[in-house]
*Asks:* 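Quick one: the structure is below, and I'll ask about it shortly.
Only a predicted model underlies this, so the values are computations on that prediction, with no experimental measurement involved.
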Amino acid sequence: MAETSGPQSSHISSSSAGDKGSGCAVRDLLYWRDVKQSGMVFGGTMVLLLSLAAFSIISVISYLVLSLLSVTISFRVYKSVLQAVQKTEEGHPFKPLLEKDIALSSDSFQKGLSSSLAHVNHALKSIVRLFLVEDLVDSLKLALLMWLMTYIGAVFNGITLLILGVLLAFTTPLVYEKYKVQIDHYVSLVHSQVKSITEKIQAKLPGALKKKSE
């Protein structure tokens with residue numbers, strides 16, 4: 001057993017390190033540490049979502065593929081004509097990219113799969129806990145959230161909510177970073193009120209329905 005724990009622990013450590021690295025990259029992206037990179041991701045995502053709001057997903061994918069092919073074919077023809085006029089033999093303009101190894105290694109695939117599996121298992125465990133009412137208060141919170149979502153869904157469709165989500169994701173961190181003290185103060189007040197109400201509800205529940213102490 002002691003011999004097998006070494007590779008497993010190193011694999012888990014590498015997966016954790018990968019998760020932390022990806023988390024930092026997402027954080028830097030949302031906090032606009034690199035304005036150019038964040039702007040490209042934000043702009044591209046918004047263009048895609050706005051396109052999906054106006055056209056079907058088949059049309060959007062078709063237009064994207066046609067746009068990409070138009071650029072690559074035009075550049076390929078341009079370089080070929082230029083080489084013919086200048087009588088040079090530079091070869092295929094995309095040769096470095098064609099020769100680049102883009103195959104996904106088994107180690108990278110296994111790391112990504114292990115990380116995704118951990119998140120899926122955690123989500124499944126939370127879903128089972130909520131729907132089988134392990135804690136009545138948490139299940140009631142979910143029911144209240146879903147009830148509110150029915151009203152939100154009557155006003156906004158899925159694409160609109162995604163657009164609002166992207167806007168909030170790229171603007172809220174900047175606002176929070178600027179007004180951190182004030183926001184933390186009000187969030188703490190709200191959290192205290194919610195905690196107080198939750199404790200009062202749990203105190204009035206029968207013993208069998210109260211949250212199990214960990």
Side-chain angles (χ1 to χ4, degrees), residues 10-124 152-153 155-177:
S10 62
H11 178 71
I12 294 173
S13 300
S14 61
S15 299
S16 301
D19 291 342
K20 289 181 180 179
S22 60
C24 291
V26 173
R27 180 185 175 87
D28 291 342
L29 198 66
L30 297 179
Y31 277 86
W32 295 77
R33 304 303 187 204
D34 186 346
V35 177
K36 183 179 179 180
Q37 185 178 13
S38 296
M40 289 177 61
V41 173
F42 175 69
T45 305
M46 289 300 298
V47 168
L48 177 61
L49 291 176
L50 290 172
S51 299
L52 289 173
F55 307 100
S56 67
I57 186 170
I58 296 177
S59 298
V60 172
I61 294 175
S62 300
Y63 281 125
L64 286 175
V65 173
L66 283 173
S67 300
L68 181 59
L69 283 174
S70 298
V71 173
T72 54
I73 291 174
S74 299
F75 185 72
R76 175 77 168 87
V77 172
Y78 167 75
K79 293 296 290 185
S80 298
V81 173
L82 192 63
Q83 291 176 25
V85 172
Q86 296 179 349
K87 297 181 179 180
T88 59
E89 295 184 1
E90 296 179 4
H92 199 290
F94 297 118
K95 185 177 180 181
L97 295 176
L98 290 171
E99 294 177 347
K100 188 176 182 180
D101 185 16
I102 59 173
L104 185 64
S105 65
S106 58
D107 290 339
S108 300
F109 180 78
Q110 288 293 336
K111 288 179 182 179
L113 186 62
S114 299
S115 177
S116 301
L117 188 61
H119 292 299
V120 170
N121 288 334
H122 179 73
L124 288 175
I152 296 175
V155 179
F156 304 103
N157 58 30
I159 295 297
T160 305
L161 290 176
L162 285 175
I163 292 172
L164 292 175
V166 171
L167 287 172
L168 289 175
F170 278 89
T171 55
T172 303
L174 293 177
V175 175
Y176 176 74
E177 195 172 41

*Asks:* Under 6.0 Å from the OH atom of Y31, do we count more than 12 heavy atoms belonging to anything else shown?
*Replies:*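 It does: Y31 OH has more than 12 such atoms within range.
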*Asks:* Output the distance between atom CG (L30) and atom CH2 (W32), rounded to the nearest 0.5 Å.
*Replies:*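 L30 atom CG to W32 atom CH2 measures 10.0 Å (nearest 0.5 Å).
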*Asks:* SG/C24 to CZ/R33 distance, rounded to the nearest 0.5 angstrom?
*Replies:* 11.0 Å
*Asks:* Kindly give the heavy-atom pair with the smallest separation between S70 and S74, and that separation in Å.
*Replies:* O-OG, 2.6 Å
*Asks:* Can you tell me how far apart CE (M40) and OG1 (T45) are? Round to the nearest 0.5 Å.
*Replies:*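 Answer for the CE-OG1 pair, M40 versus T45, is 11.0 Å.
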*Asks:* With a 6.0 Å cut-off (strictly less than), is the heavy-atom count around CZ of F55, excluding the residue itself, greater than 12?
*Replies:*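 No.
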*Asks:* Please step through side-chain hydrogen bond (donor to acceptor under 3.5 Å, both in side chains) for the pair R76 and T72, ending with a clear verdict.
*Replies:* CA-CA 6 Å; R76 175 77 168 87; T72 54; over 6 Å; no
*Asks:* Could you give the distance from CG (L68) to CD1 (I73), rounded to the nearest 0.5 Å?
*Replies:*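 Answer for the CG-CD1 pair, L68 versus I73, is 9.5 Å.
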*Asks:* For atom CG of L124, decide whether the heavy atoms of other residues, nucleotides or ligands shown that lie under 6.0 angstrom number more than 12.
*Replies:*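 Atom CG in L124 is packed in, count exceeds 12.
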*Asks:* Run the salt-bridge test on E177 and R27 with the 4.0 Å N-O cut-off and return the result as yes or no.
*Replies:* no
*Asks:* Under the 3.5 angstrom rule, does the side chain of S51 hit a backbone N or O of V47 as a donor-acceptor pair?
*Replies:*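 Side chain of S51 to backbone of V47, a donor-acceptor pair under 3.5 Å: yes, one is there.
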*Asks:* Return a table of donor-acceptor pairs under 3.5 angstrom between the side chains of residues 159-176 and protein atoms on other chains or two or more places apart.
*Replies:*
unit_1	atom_1	unit_2	atom_2	d
T160	OG1	N157	OD1	2.6
T171	OG1	L167	O	2.5
T172	OG1	L168	O	2.7
Y176	OH	D184	OD1	2.9
Y176	OH	D184	OD2	3.3

*Asks:* Hey, what do you get for OH (Y78) to CD (Q83), rounding to the nearest 0.5 Å?
*Replies:* 11.0 Å
